[in-house]
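Everything on this sheet refers to the single structure shown next.
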Amino acid sequence: MEFTIDQIAQLLEGTVEGDGSQVIDTLKKIQEGTPGSIGFLSNLKYEKYLYTTKCSAIIVSEDFTPQKKITTTLIKVKDPYTAFSKLLENYAALTKPNPLGKEEPCYLGENSTIGEGFYRGAYSYIGKNCTIGENVKIYPQVYIGDGVTIGNNCVLHSGVKIYSQSKIGNDCEIHSGAIIGSDGFGFSPQADGTYKNVPQLGNVVLEDNVSIGANSTIDCATLGSTLIKKGAKLDNQVQIAHNVTIGENTVIASQAGVAGSTIIGKNCVLAGKSSIVGHIELADRTIVGGNTGIMKSVNEPGTTLFGFIGFDLKASLKSYSIFKKLPLLQDKLRELEKK
Amino acid sequence: MEFTIDQIAQLLEGTVEGDGSQVIDTLKKIQEGTPGSIGFLSNLKYEKYLYTTKCSAIIVSEDFTPQKKITTTLIKVKDPYTAFSKLLENYAALTKPNPLGKEEPCYLGENSTIGEGFYRGAYSYIGKNCTIGENVKIYPQVYIGDGVTIGNNCVLHSGVKIYSQSKIGNDCEIHSGAIIGSDGFGFSPQADGTYKNVPQLGNVVLEDNVSIGANSTIDCATLGSTLIKKGAKLDNQVQIAHNVTIGENTVIASQAGVAGSTIIGKNCVLAGKSSIVGHIELADRTIVGGNTGIMKSVNEPGTTLFGFIGFDLKASLKSYSIFKKLPLLQDKLRELEKK
Amino acid sequence: MEFTIDQIAQLLEGTVEGDGSQVIDTLKKIQEGTPGSIGFLSNLKYEKYLYTTKCSAIIVSEDFTPQKKITTTLIKVKDPYTAFSKLLENYAALTKPNPLGKEEPCYLGENSTIGEGFYRGAYSYIGKNCTIGENVKIYPQVYIGDGVTIGNNCVLHSGVKIYSQSKIGNDCEIHSGAIIGSDGFGFSPQADGTYKNVPQLGNVVLEDNVSIGANSTIDCATLGSTLIKKGAKLDNQVQIAHNVTIGENTVIASQAGVAGSTIIGKNCVLAGKSSIVGHIELADRTIVGGNTGIMKSVNEPGTTLFGFIGFDLKASLKSYSIFKKLPLLQDKLRELEKK
C-alpha cells in the first residue's frame, strides 16, 4: 500500500490540515509512529502522544483542535475509529493470508457438499450429510460433525470443533479452539446421591454475521436450539449454556458466562467476566459491567448494572465508595454510641 | 419414535389425565410445543405455558393440579425431570450418532491396545503403551499421550488432549477441547526475580462415571495424582489445579476454579465462576454460590456459602441488601452526628 | 534413580540429620510417603505430617527445628522448595517423555525451516515461511500459521494453535489448547446498531522463557504487538487482549484476564480470576489478589490490592470484615436514631 495523505483523506471523506502530499506506506499506533505511517486519535487519553508522534499523519475527529503545536498532518473525519477501521480493512484485504483449495489429507464424509471458493486445511474433518456454502475457509484441524449446515463466507480457524446438527449462517467467523454444540450441563440427581446424564438432543444455531472468540464454548440445547442471533459478537473464553438466546448485535466480552435458558435481548453489552444466572431475561440494550453478577431479570431496556450482585451502576459505585470507608463509619458509630 | 401417550405413561410409571390414545413422535419444550410432541413441567416458573402449550402431552408432578383449563393431556409422575430424562435417553439411543470402526489416517503407538467396539476418528492419536478398554469412542483430532489407561464405555469428543500417564475409569465422557494432565503451575522464585520451572511428575486420575465439560483443564500433580472421584460432573471451562481432589458426585458448574492441593468433599456443588483457594478442604455437601470466593476451609458438612468472600448464604444476602442502602446509612449517621 | 540420602544432600548442598546411608528411589508428598521416598516441608501448614511421614528423608529449611520426635532423616537446606525442585528436575530428566523425529503425516509449508533435534508429531501443521529453531518439540495436532518465528528449545504441546506472524523466543513452553494470536476483539459500532469488524493486523510476541498454560488465549494486536516479556509465566485459561504488554517475570494465575492496551509491569503477580480493565498501567511488583478487579492504574511499585473493586489489601480485608457485620451496624444505627 502506498498512497498520499490526500488520497487517503479522500477515501475517508475527511479534510487535510497540513502537508497532504506525503506518502504513507503503513499503519501504526500513535505512540509507536514512524515516518511514512498513519495513526489515529479517538480516545483522548492518548492525546499527549499527538504532540510527539512520528506518524506522518493522524486521523482525528472533526471537532478536535490541538492544544499545542504539532508536526504531523491531520485528517479530520466524523468518527476517527470508524475511519481508521476502514483503512485497516483496505490494508488487510491486501496483506492478510487468503488460503484457497485443499491440503491433503483432509476428510469429507458421505453426502456432504461444499461450495466454490473453499479452503480445506490439512487434517480438517467434515462429517456426513453436511451442507457448506461458498467461500468458506476451514483451517487445519477443524472438526465438523454430521449434519452440520454452514452458510457462505464463513471462516473457521484452526481447531474449531462443531458438534453434529449445528446450524451456522452466512458471514460468521469462529476463532481457534471455540466449541460449538457441546452437551448442555444436565444431570438429574438420584436418590443415592449420584447424578444421571440427561441427554441433550437440541443443537446450536448461529445466525448471520456472528463472531465467536477463541476457546469460547456454546452448548447445545436439551431440546430446541441454543440461539445466537445475527450480528452478535462474542469474545474469547465466553461460556453460553444450553437453551440460551443471545439477541441481535449483542456484544459479550471475554470470560463472561450465561447460564441455562436465559434470554439476552438485542444490542446488549456484557462486559468481561460478567455472569448471568439461568432462567432470566435481560431487556434490549442492557449493559452489564465487568465482573458483575446478574441474579434476576432486567425488564427496563437500556439499564446499566454493576456490582457483585449487579444493580444500577451509579448507585453501585456510590455503595462501593462507602464500602471503602466502612472502618470510618464503624468508628463514628462507636463514638456516637459512647455519647 | 412413535408411541401413544398411554405407552409412554407405562414406560414412565405414570398416570394419564386426558386422552391417552394420541400418537407422540417428538420431544419439545413446553413453550415450543407442536401437535404430536410431549413436553414436561418441573420448574413452576414455566407453569404459565401449560395453559397455552401446543404439546399433545405434558409430564407433570403427581402433586400438581392445574389452576386453569388445559387442552393438553397430562402424565403424572413422581419426578417430572427424571421422567423426561428417561424419555430423552430412549429417544437419544434411537437418534444420536453412534460412530464405530476406524477412519484413516489415525495413529496408534507401539504396545498400545484398544478393546472391541471402538471408534477411532481421523487424525486421532494414541501414544505408546496405552491400554484402552471396550466400547470407547475416540473422535477426530483427539490426542492421547504415552502410558495412558482408559476404561470401558468412554467417549472422548473431538480435540480432547490427554497428557501421558493419565488414568481414566469406566463410563467417562470428556467434551471437546478439554485438557487432562497439563503441567501444574509450579515455579520456584529465584533471587534475581526470575522463576524456575518445577517439574510436574504426577498425573491425573478420573474415576468411573466422571464427566468433563468443553475446554476444561485439569492439571497433573507435582507428585502423586490430581484426583476426580467417581460420579463427579464438571461443566465447561472449569479449572482444576495440581494435586486437587474432587469428591464423589460433586458437581462443578462452568468457569469455576479450584486452586492447588485443595480437597473438595463428596456431593458438593460449586456454582458457576466460583473459586476455591489452594491448600484448604471443603466438607461433604458444601454448596458454594455463583461467583463466590472461598478463602478458608469449610468444616461443617452441608454449609452453603455466598459472596465475594464467601460466608453463610442467608447472612451474606442480608449484608448485600444493606450494602445497596449504604448511602442511606451514611446519611443517617451524618444526621445523628450533627445532633 | 537410586541414590543415598547423603548423595542427595551433597547435590542439594544440604546437611543430613539422621541416617544418610539409606537408599532413595522415588519422590513423594510428605503426607503420602513410602519407605525409600524423599519428600519436603516448605509450607508449615504441612508440619504435622512430618511426625508421621513414611518418607525415608524430608528436605527442610536450615532454620527448622522439629517440635516432636521424628523417625525420618532430615536434609537441611536454604530453601526446601527450590531444593526439591532441583531433585524433581533431575528425576524428570530421567523419566519424562522425550520424543524426537517426525511422525507421519505431518505438514510443512513452503519456505519453512526447522532446526536440529526437533519432534514433529503426527497431524501437526507448519505453514509457509516459518523459521523454527533447534530442539523444538511440536506435538501432534499443533497448528503454526504462516510467517511464524520460533526460537530454540521450545515445547508446543498437543493442539496449540499459533496464528500467522507470531514471534516466539527461546525456551518457551506452551500447553495444550492455548491460542496465540487470535484476533483482538475490535468492532466499530454503526448507526444502525450493528457492529463492523475492525481488522487486527498486528501480532503476538513471546520473549524468551515464557510459559503459557492450557487453553489460555492471547490476542494479536490491532497494530504493533501484544507483548509477553521474558520470563513471564501464565497459567491455564488466562485471557490477554490485544495490544497488552505483560512485564518480565510477571506471574498470572488461572482464569485471570487483562483487557486491551493495558501495560503490566515486571515481577507482578495477578492471582486467580483477577481482572484488569483496559488502557491502564500497573507498576512493577504490583500484586493483585484473587477475583480482584482493577479499574484504574497503579502507580506505586509493590502495591498489593484486593476486592471486587481492588484497593489496598489490608484496608480491603478490614472493609470486608465489617461488611459481614452490616446487619449489626444497621441495628445499632436504628437504636441510636430512636434515642
Side-chain angles (χ1 to χ4, degrees), chain B residues 105 107 123 125 127 141 143 145-147 159 161 163-164 177 179 182-183 185-188 190 193-201 215-217 219 221-224 237 239 241 243 255 257 259 273 275 277 279 291 293 295 307-309 311 315-316 318-319 322-323 325-326 329 332-333 336, chain C residues 27-29 32 39 43 45 79 81-82 84-85 88-89 91-92 95-97 103-105 121-123 139-141 157-159 173 175-177 209 211 213-215 231 233 235-237 248-249 251 253-255 266-267 272-273 290-291 307-308 320 323-327 329-330 333 336-337:
Chain B
Y107 191 98
Y123 322 125
Y125 183 101
Q141 302 137 349
Y143 168 80
D146 296 346
K161 311 298 177 196
Y163 280 54
S164 59
I179 313 295
S182 39
D183 274 10
F185 194 60
F187 296 94
S188 166
Q190 305 300 300
T194 64
Y195 289 86
K196 208 167 167 183
N197 184 38
V198 178
Q200 305 289 312
L201 297 173
N215 281 346
S216 286
T217 51
D219 281 349
T222 310
L223 291 172
Q237 298 188 35
Q239 150 72 3
N243 291 95
Q255 299 181 318
K273 275 206 176 66
S275 53
V277 82
H279 297 275
N291 295 344
M295 298 173 70
F308 185 81
I309 299 179
F311 58 103
S316 186
K318 179 78 182 161
S319 281
I322 300 173
F323 174 82
K325 299 183 296 182
L326 277 183
L329 253 76
K332 283 182 180 173
L333 192 61
L336 282 175
Chain C
L27 291 76
K28 293 274 184 183
K29 288 193 287 182
E32 295 173 356
N43 184 338
K45 280 183 73 167
D79 178 352
Y81 188 57
T82 300
F84 195 70
S85 301
L88 283 169
E89 265 167 54
Y91 192 79
T95 60
K96 274 247 162 178
E103 293 166 353
E104 296 289 357
Y123 322 124
Y139 275 79
Q141 301 137 348
H157 289 273
S158 176
E173 182 160 18
H175 279 280
S176 282
N209 271 306
S211 181
N215 281 346
K233 309 294 180 190
D235 198 356
N236 298 344
Q237 298 189 34
E248 288 178 26
N249 304 320
V251 170
S254 69
Q255 299 181 318
K266 61 185 182 185
N267 293 96
K273 274 205 176 67
N291 294 345
F308 184 81
Y320 275 105
F323 174 83
K324 286 181 74 165
K325 299 183 297 184
L326 277 183
L329 253 76
Q330 184 177 249
L333 191 61
L336 282 176
E337 279 183 310

With only heavy atoms counted, which part of B/L336 is less than 4.5 Å from chain C, the side chain, the backbone, both or neither? side chain

Toward chain B, the part of C/Y320 with a non-hydrogen atom under 4.5 Å: side chain

Between C/K45 (side chain only) and B/H279 (backbone N and O only), is there a donor and an acceptor less than 3.5 Å apart? yes

Relative to each other, are the rings of C/F323 and B/F323 parallel, tilted or perpendicular (30° and 60° limits)? perpendicular

Do C/N209 and B/T194 have side chains that approach each other closer than 4.5 Å (heavy atoms only, starting at C-beta)? no

Side chain to side chain contact (heavy atoms under 4.5 Å, CB included) between C/L88 and B/L223, intermediate numbers included: CA-CA 9 Å; C/L88 283 169; B/L223 291 172; 3.9 Å; yes

Keeping the roles fixed (side chain from C/Y123, backbone from B/Y107), state whether a donor-acceptor pair exists under 3.5 Å. yes

Note: vs chain B, highest number of non-hydrogen pairs under 4.5 angstrom among C/P140, C/A122, C/G272, C/G177 is C/P140

Polar side-chain atom of C/Q255 near backbone of B/Q237 as donor-acceptor pair, under 3.5 Å: yes

Contact winner vs chain B - C/N215, C/N43, C/N291, heavy-atom pairs under 4.5 Å: C/N215

To the nearest 0.5 Å, what is the distance between CZ (B/F187) and NZ (C/K233)? 5.0 Å

Check whether any side-chain heavy atom of B/T222 sits under 4.5 Å from a side-chain heavy atom of C/K29, and report yes or no. no

Report which part of B/T217 has an atom under 4.5 Å of a heavy atom belonging to chain C: side chain, backbone, both, or neither. both

Measuring from C/S158:OG to B/Y163:OH, what's the distance to the nearest 0.5 Å? 8.0 Å

With a 4.5 angstrom heavy-atom cut-off, could you sort out which part of C/E32 is near chain B: side chain, backbone, both or neither? side chain

Which portion of C/K324 sits near chain B, non-hydrogen atoms under 4.5 angstrom: both

Is B/D146 salt-bridged to C/K96, cutoff N-O under 4.0 Å? no

Could you please spell out the steps behind the side chain to side chain contact (heavy atoms under 4.5 Å, CB included) verdict for B/V198 and C/F84? CA-CA 9 Å; B/V198 178; C/F84 195 70; over 6 Å; no

Comparing C/E173, C/Q141, C/E337, C/K273 against chain B, the one with the most heavy-atom pairs below 4.5 Å turns out to be C/Q141

Considering only heavy atoms, which portion of C/S176 lies under 4.5 Å from any heavy atom of chain B: side chain, backbone, both, or neither? both

Report the distance from atom NZ of B/K332 to atom CG of C/L333, rounding to the nearest 0.5 Å. 6.5 Å

Is it true that a side-chain atom of C/N267 and a backbone atom of B/G193 form a donor plus acceptor pair closer than 3.5 Å? yes

What part of C/E248 lies closer than 4.5 angstrom to a heavy atom of chain B: side chain, backbone, both or neither? neither

Taking atom CG of B/L329 and atom CG of C/L326, what is their separation to the nearest 0.5 Å? 7.5 Å

Give, for atom CZ of B/F185 and atom OG of C/S211, the distance between the pair rounded to the nearest 0.5 Å. 7.0 Å

Quick one: of B/L201, B/N197, B/V277, B/N243, who has the most non-hydrogen atom pairs under 4.5 Å with chain C? B/L201

Who wins among B/G293, B/P105, B/G224 for the most heavy-atom pairs under 4.5 Å with chain C? B/P105

Any chance you could measure C/Q330, atom CD, to B/K318, atom NZ, to the nearest 0.5 Å? 5.5 Å

Check each atom of C/P97 against the heavy atoms of chain B and say whether the ones under 4.5 Å are side chain, backbone, both or neither. side chain

Donor-acceptor pair, distance only, cut-off 3.5 Å: does the side chain of B/Y143 make one with the backbone of C/H157? no

